[in-house]
Amino acid sequence: MAAGLFRLKCWLCALGAILRDLNEIEKNRVAKADRMRARGEQPYPARAQRTHTVADALLALEQALQAGAPVQDSGVPATLCGRLRSMRTMGKLTFAHMEDVSGRVQLLLRSDEVGADRLRQFDTDFDLGDFVQATGVLMRTKTGEFTLRCSAVVMLAKSVSPLPAAKEAEEDGHKVVYSAFANPEARYRERYADLAVNTEVREIFRVRAAVVRALRNFLDERGFLEVETPVLQPIYGGAAARPFVTHHNQLHQDLFLRISFELYLKRLLVGGLESVYEIGRDFRNEGVSLKHNPEFTQLEFYCAYADYAKVMEITEEMLAFVAQQVCGSTTLEYEGHKINLQPPWRRVALRTAVAEACGIDIAAHPTAAALAEAMRASGQAVDPAMPRGKLIESLLALHVEPLLIQPTFVHDFPRDISPLAKATPGDPHTVERFEAYIAGMELCNAFSELNDPQEQAQRFEEMQRDHPKGEEAHPMDEDYLRALQYGMPPCGGFGMGVDRLTMLLTGQRNIREVILFPHLRTRE
RNA sequence: GGGCCGCUAGCUCAAUUGGCAGAGCAGGGGCCUUUUAAGCCCUUGGUUACAGGUUCGAUUCCUGUGCGGCUCACCA
């Protein structure tokens with residue numbers, strides 16, 4: 001029934017899109033396409049040809065000019081393909097800009113070279129946003145602009161809807177954008193239009209790809225094995241977050257979309273793989289914010305015979321490497337701060353950091369009640385239902401986090417909010433866990449992994465018992481315990497939000513700017 | 001989920017105390033053989049997000065809905 005309704009709704013939506021009224025501009029462009037067909041010109045031909053990308057053509061021109069070719073007629077032939085981004089008609093002469101993935105080139109169409117009729121057709125039937133193929137000779141105009149003087153121009157794909165009009169100009173060497181397509185909702189909903197007109201958006205996703213590539217290179221070179229583990233899981237775990245639930249029809253089984261990779265990756269260490277990593281999507285059924293999207297890209301790695309101190313070293317090396325690969329430097333600017341990723345990073349115990357920031361020594365308050373009292377005494381509002389670890393976390397988030405601009409490892413976390421981390425020897429309240437902060441933002445979370453099956457079982461039971469109702473308790477995972485019983489080598493584990501790292505390296509404040517299709521409410 | 005703010009032409013934005021809904025760009029028709037936010041003349045384009053209410057009259061004031069932005073909560 002529900003599925004039937006859903007299909008009906010989809011069908012209506014699709015129909016609505018197809019029958020959507022075209023506005024005047026769109027009708028006009030459809031008429032242009034019809035006119036082209038009528039004279040035997042294909043508005044959507046199956047094939048294109050190109051001899052150079054724009055960037056390659058520029059190189060070819062430079063070489064010819066260095067070899068002494070005339071500037072305004074290099075003699076270098078080229079056929080280029082791309083999208084029309086501007087047009088200036090001057091009677092018997094038309095200038096246009098065409099853009100491909102590699103750059104932008106000016107087209108020059110002269111009546112005496114393409115023919116008066118063809119120039120007329122170009123002026124009337126070609127629009128901004130159309131994909132075209134232009135053949136001619138490379139040159140520079142008398143103002144020095146890189147130009148293709150065309151002998152022929154062919155439509156490759158007629159654009160019906162006008163792209164959001166933005167004009168770009170150079171002023172004093174700076175790029176100035178007029179009437180930019182800037183409405184965030186429109187940009188995210190129609191990312192295709194956003195990418196088509198906002199070149200800096202395309203650049204963000206090139207950087208993002210480079211970030212992921214650099215992470216892979218770093219880990220591959222150190223002998224880590226890249227693996228893939230289930231997205232659909234019968235029991236979710238490895239983090240404290242609410243999951244998305246889905247259903248397998250034939251098996252009559254509810255399944256969860258994973259909230260982390262942790263428990264599966266550690267099963268692989270039981271299996272002897274020693275050093276593994278996975279880059280993939282996590283799904284958390286929680287609020288969205290500047291730093292949270294319901295699905296996000298996570299990197300997790302696990303390294304046998306390492307502890308959390310070793311993982312700190314790998315972390316700072318890895319991020320310095322990525323920044324060097326992607327930005328060409330280990331220093332970067334973010335929100336007005338100069339940030340230096342060069343190892344070694346500052347290391348500070350959570351206890352010390354909190355004490356320095358707000359004067360409360362968490363070790364002096366070993367129970368939730370005592371700590372809550374101390375926090376109240378210092379004027380902080382406190383939720384009485386919070387366990388001690390949560391209270392400490394709130395101190396961290398409120399007082400410490402905003403201060404951590406330069407890369408900092410905050411280490412030694414409360415045990416009661418870290419059910420998968422190994423206890424600190426001699427300290428019943430603390431585990432060997434750290435988080436790394438940069439620019440006031442939590443970037444990663446790591447620990448010495450708990451590998452004692454008895455203690456792990458006990459921790460799971462504690463989570464079930466001690467968690468307040470409504471809070472997300474870490475579920476009991478019998479199979480994971482069975483795996484630990486076979487023996488897991490001591491190891492360090494690590495998780496990092498790749499989206500957040502990309503934010504840092506691209507200077508973006510909003511996680512949606514680094515996700516191609518961020519989650520938005522559907523519009524009825 | 002709470003609070004605050006927003007939604008006007010394809011895009012970016014105006015609209016005085018509540019008084020004919022406008023501009024630039026894009027589009028259409030002209031002129032123009034080195035332009036580059038090209039320029040000049042003419043011109044089309046609006047359910048002011050949606051549904052109600054108050055009013056002689058609502059883009060403007062009120063209520064509700066939808067969507068978005070910021071923020072708080074939540075999300076180690």
Side-chain angles (χ1 to χ4, degrees), chain A residues 22-29 31-32 72 85-97 104 106-113 116 119 124 127-129 139-145 147 149 160-171 176-190 193 197 238-242 259-260 282 284-294 296 350 381 383 389-390 392-394 396-397 401 410 413-414 416-421 431 433-435 442 444-447 470-472 474 495 497 509-510 512 520-524:
Chain A
L22 297 178
N23 67 32
E24 197 192 328
I25 294 174
E26 292 165 336
K27 284 176 187 157
N28 199 273
R29 290 190 177 192
K32 290 178 182 184
Q72 295 201 38
R85 291 303 308 279
S86 73
M87 296 171 78
R88 294 173 296 283
T89 297
M90 308 188 62
K92 297 198 179 73
L93 182 69
T94 291
F95 289 98
H97 277 109
R104 193 175 283 210
Q106 180 170 256
L107 305 181
L108 168 55
L109 290 89
R110 291 168 45 149
S111 178
D112 56 5
E113 287 185 85
L119 182 61
T124 55
D127 289 292
L128 299 186
M139 60 171 284
R140 283 191 184 279
T141 60
K142 65 187 184 190
T143 54
E145 176 152 6
T147 299
R149 203 177 71 226
V160 173
S161 296
L163 286 172
K167 289 222 160 193
E168 289 167 20
E170 294 273 336
E171 276 181 20
V176 184
V177 181
Y178 301 88
S179 302
F181 181 49
N183 180 288
E185 178 182 1
R187 286 183 47 234
Y188 301 146
R189 282 194 196 281
E190 299 195 12
V197 301
R242 279 172 297 185
I259 60 171
S260 85
D282 271 343
R284 296 187 183 176
N285 205 339
E286 307 279 359
V288 299
S289 78
L290 288 181
K291 295 187 174 73
H292 299 85
N293 194 62
F296 62 99
L350 175 57
D383 177 355
K390 286 269 184 195
I392 293 170
E393 244 174 13
S394 74
L396 174 64
E401 224 178 280
V410 177
F413 272 64
D416 61 346
I417 52 167
S418 313
L420 301 163
V431 293
R433 167 178 167 186
F434 73 82
E435 292 182 346
E442 183 196 335
C444 29
N445 180 26
F447 30 90
E471 288 277 316
E472 204 52 46
H474 197 293
R509 183 169 171 264
N510 187 334
R512 287 175 162 178
L520 294 174
R521 222 180 283 253
T522 50
R523 223 164 7 185
E524 286 298 313

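Note on naming: letters A, B, ... go to the chains in the order of the sequence lines (proteins, then strands), and numbering restarts at 1 for each one.
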**Request:** Output the single nucleotide from B/C11, B/C32, B/U36 whose closest atom is nearest the side chain of A/His97.
**Result:** B/U36

**Item:** Integer angstrom distance from the C1' of B/G45 to that of B/G3
**Value:** 39 Å

**Message:** Using atom C1' in both nucleotides, what's the gap between B/G27 and B/U44 to the nearest angstrom?
**Reply:** 8 Å

**Request:** Using the P atom as the reference point in each nucleotide, state the distance between B/U16 and B/G29 in Å, no decimals.
**Result:** 36 Å

**Message:** Strictly below 4.0 Å: does A/Asn23 bring a side-chain N or O up to OP1 or OP2 of B/A26?
**Reply:** no

**Asked** Has A/Arg88 got a side-chain N or O lying under 4.0 Å from the OP1 or OP2 atom of B/A38?
**Response** yes

**Request:** Respond yes when some side-chain nitrogen or oxygen of A/Asn28 is under 4.0 Å from OP1 or OP2 of B/G27, and no when none is.
**Result:** no

**Prompt:** For B/A37, does OP1 or OP2 lie under 4.0 Å from any side-chain N or O of A/Arg85?
**Reply:** no

**Request:** Verify the distance criterion only: is there a donor paired with an acceptor across the side chains of A/Asn445 and A/Arg433 at less than 3.5 Å?
**Result:** yes

**Request:** Answer yes or no: side-chain N or O of A/Gln72 and base N or O of B/U34 forming a donor-acceptor pair under 3.5 Å.
**Result:** no

**Message:** Can you tell me which nucleotide in B/C67, B/C70, B/U71 comes closest to the side chain of A/Arg509?
**Reply:** B/U71

**Message:** Heavy atoms from C-beta onward define the side chain here; which of B/U12, B/G10, B/U35 lies closest to that of A/Asn183?
**Reply:** B/U12

**Request:** Name the closest nucleotide to the A/Met90 side chain, picking from B/G68, B/U34, B/U71.
**Result:** B/U34

**Asked** What integer number of Å spans the P atoms of B/G1 and B/U65?
**Response** 12 Å

**Pair assignment for B/U44, Watson-Crick or G-U wobble, requiring both distances under 3.5 Å** = none

**Prompt:** Among A/Leu108, A/Asp112, A/Leu119, which one satisfies side-chain contact (heavy atoms from CB on, under 4.5 Å) with A/Leu93?
**Reply:** A/Leu108

**Request:** Using the P atoms only, state how far B/G53 lies from B/A58, rounded to an integer number of Å.
**Result:** 12 Å

**Prompt:** So which nucleotide does B/G19 pair with, by the Watson-Crick or G-U wobble rule with both distances under 3.5 Å?
**Reply:** B/C56

**Request:** Look at the side chain of A/Thr141 and the base of B/U35, then say whether one donor and one acceptor between them are separated by less than 3.5 Å.
**Result:** yes

**Message:** Can you tell me which nucleotide in B/C32, B/G28, B/G69 comes closest to the side chain of A/Tyr188?
**Reply:** B/G69

**Prompt:** When you compare B/U34 with B/A38, how far apart are their C1' atoms, in angstrom units rounded to a whole number?
**Reply:** 11 Å

**Asked** In Watson-Crick or G-U wobble terms, both distances under 3.5 Å, what is the partner of B/C11?
**Response** B/G24

**Asked** So does A/Lys32 get a side-chain nitrogen or oxygen closer than 4.0 Å to the phosphate oxygens (OP1/OP2) of B/G28?
**Response** yes

**Request:** Please determine, for B/A49, whether a Watson-Crick or G-U wobble partner exists with both distances under 3.5 Å, and give it or none.
**Result:** B/U65

**Prompt:** Nearest of B/U35, B/U44, B/U33 to any side-chain atom of A/Glu24?
**Reply:** B/U44

